[in-house]
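What follows is a set of notes on a single structure, which appears directly below.
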2 protein chains.
Amino acid sequence: MDEPRADADPDSPEGRGGAAAVMPAAPPGSGRAALDRRRIIGAAVEFIDAQGLAALTMRRLGAHLGVEAMALYRYVPSRENLLDGVVEAVIDELYGDPDVHLEPGHGWQDYLQRLAHGVRRIALAHPEVFPLVATRPPAAPWVRPPLRSLRWVESFLVALIDSGFNQEAAVSAYRAYSSFLLGHLLLEVSQKGVAVNAEDQPEGVEEAQEAADLSQYPTVVRLESLLSLDESAAEFEEALENLLERLEVVLREGRAPRRGDHRD
Amino acid sequence: MDEPRADADPDSPEGRGGAAAVMPAAPPGSGRAALDRRRIIGAAVEFIDAQGLAALTMRRLGAHLGVEAMALYRYVPSRENLLDGVVEAVIDELYGDPDVHLEPGHGWQDYLQRLAHGVRRIALAHPEVFPLVATRPPAAPWVRPPLRSLRWVESFLVALIDSGFNQEAAVSAYRAYSSFLLGHLLLEVSQKGVAVNAEDQPEGVEEAQEAADLSQYPTVVRLESLLSLDESAAEFEEALENLLERLEVVLREGRAPRRGDHRD
DNA sequence: ACCTGAACACCGTTCAAGT
DNA sequence: ACCTGAACACCGTTCAAGT
């Protein structure tokens, strides 16, 4: 089981700081680039995208980089720390997204829309990584998945407060926004995954479960085609619009809306 | 490292079917009960609750049950399958919750409230298991976490359709309800976990991260006390009320509400 | 019928040794 | 300075052997 030589891609993103002091055994640009933490984490993201999280071991990642597993420990203290780095790197991709920024004059709703769509693109680009983004314990309780970084929390709060939200409303909006993104996107990627997934199941794995007594669930059977539709994109838009609308009410009225407010 | 003998609890729930044919080496009721899949899965839930998911190995679970790891394989085909069983068992606790049922005459809102609170109780009772509930690939794409069982999907859809929802609206409500529960509860348990968690970190692990350049996040610093408040319970109620209100509009108008509907 | 001992292939991780 | 070989303690899992 030697590694497949399917890597003729010249996309290794170096060009940051000291440009590789000449190495005796592996001159730069000839194939194997120098090891560093960034490159290892990048390779781990690629690996998880391609093979799934369960397949990522230190030994296999080492082989993927043309090196023994032990060499990785000079740059990464443990596998757990590596996974933290993977989560951070994937979320950091958002910094480079030109569509995610506060457009002056377009208001906070526009910004929250851009941010939400940016996170969604990342979730869909790395479906095998997203469960990690969702479940790794955050550094502080108020750095919530999926945004997971002080920079985005800061940016979010500033945008709302500058738009007239009071502090309590801004914080509560941040919490509601996180919950919405996390719930929707985790379900969307898991739904996508289950369609293609399951390693190599020899026959219908649902048959066993379902065939047991599908007759007990007549409504599910009757609505199966409706249930099987993938309306993720539209539902994302609708739930996001609804959340923004709710926040608009909070902003106008200076408090959280109570049920039944808009009647009589 | 021998196992702690801290189990004097007589709560092993047997009494289901054939009542243990007498065994030569371990007579029933004298201490070690007979092994079976249900008991193994129950022990696994206990173990994860107490020690965390990462600590659960087949060998340690065997020791916890007074048996070698290899003995488990007669009842459980693999660790992965055991984890599936754990998720199923935890969700099945909902069947036994007397507060979770359709109260005749109280309407679908009351039922969805009871169901949501029942799921929340389970998530809070098993915070270490809930991430598993959230991320294990479902059997079918439309059996969504956290409800994960045909029985609850059936029950949910029937309640709404009997209340006058059309099929599309009922299915779309089921999806929105799942997203809400998953996002909110996953964040709530992870928030709870991070407060007590982190195995045995010798010193403030956030210090390292934060002290780096906290000055770049003045708003986060200024609002830290607000951000640190745990308003999970109130936010759960509010988001749930809001969702129900939204569904009420769908029911009354026979379609999904569009943004700006209730102005002029 | 049910459990165990021994074994296999594989982990994460450490560290002295090589270059 | 950077990587490797060998080793340690531990995995999940199989299976012939014990009782």
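The structure displayed is predicted, hence computed values, not measured ones. Each chain gets a letter, A, B and so on, in the order the sequences are listed, and its residues count up from 1.
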Close N or O pairs between protein and nucleotides 4-9 of chain D (under 3.5 Å):
unit_1 : atom_1 : unit_2  : atom_2 : d
D/dT4  : OP2    : A/Glu68 : N      : 2.8

- Does B/Arg151 make a cation-pi contact with B/Tyr95 (under 6.0 Å, within 45 degrees of the axis)? yes
Minimum-distance pair of heavy atoms, taken over all atoms of [X] and [Y]:
| X | Y | value |
| --- | --- | --- |
| A/His126 | A/Asp49 | ND1-OD2, 2.7 Å |
| A/Ser178 | A/Pro146 | O-CD, 3.7 Å |
| A/Arg37 | A/Gly85 | NH2-CA, 4.0 Å |

- Where DNA chain C forms stems, i.e. three or more consecutive Watson-Crick or G-U pairs with both distances under 3.5 Å: C:4-8 with D:12-16, C:12-16 with D:4-8
- Starting at atom CG of B/Leu65, determine the distance to atom C1' of C/dC3, rounded to an integer number of angstrom. 13 Å
- C/dC10 phosphate, OP1 or OP2: any side-chain N/O from A/Arg60 under 4.0 angstrom? no
- Task: Would you please classify the geometry between the A/Tyr177 ring and the A/Phe156 ring as parallel, tilted or perpendicular, with 30° and 60° separating the classes?
- Result: tilted
- Message: Does either side chain, that of A/Asp230 or that of A/Ser232, offer a donor lying less than 3.5 Å from an acceptor on the other one?
- Response: yes
- Query: Is there a donor in the side chain of A/Ser78 and an acceptor in the side chain of A/Tyr73, or the other way round, less than 3.5 Å apart?
  - Reply: no
- Query: Does the pair A/Glu188/A/Arg120 count as a salt bridge with the N-to-O cut at 4.0 Å?
  - Reply: yes
- Item | Electrostatic pair B/Arg175-A/Glu235, nearest N-O below 4.0 angstrom | yes
- Query: For DNA chain C, which residues in residues 75-85 of chain A have a heavy atom at a distance below 4.0 Å?
  - Reply: A/Ser78, A/Arg79
- Message: Tell me if the centroids of the rings in B/Trp152 and B/Tyr174 come within less than 6.0 Å of each other.
- Response: no
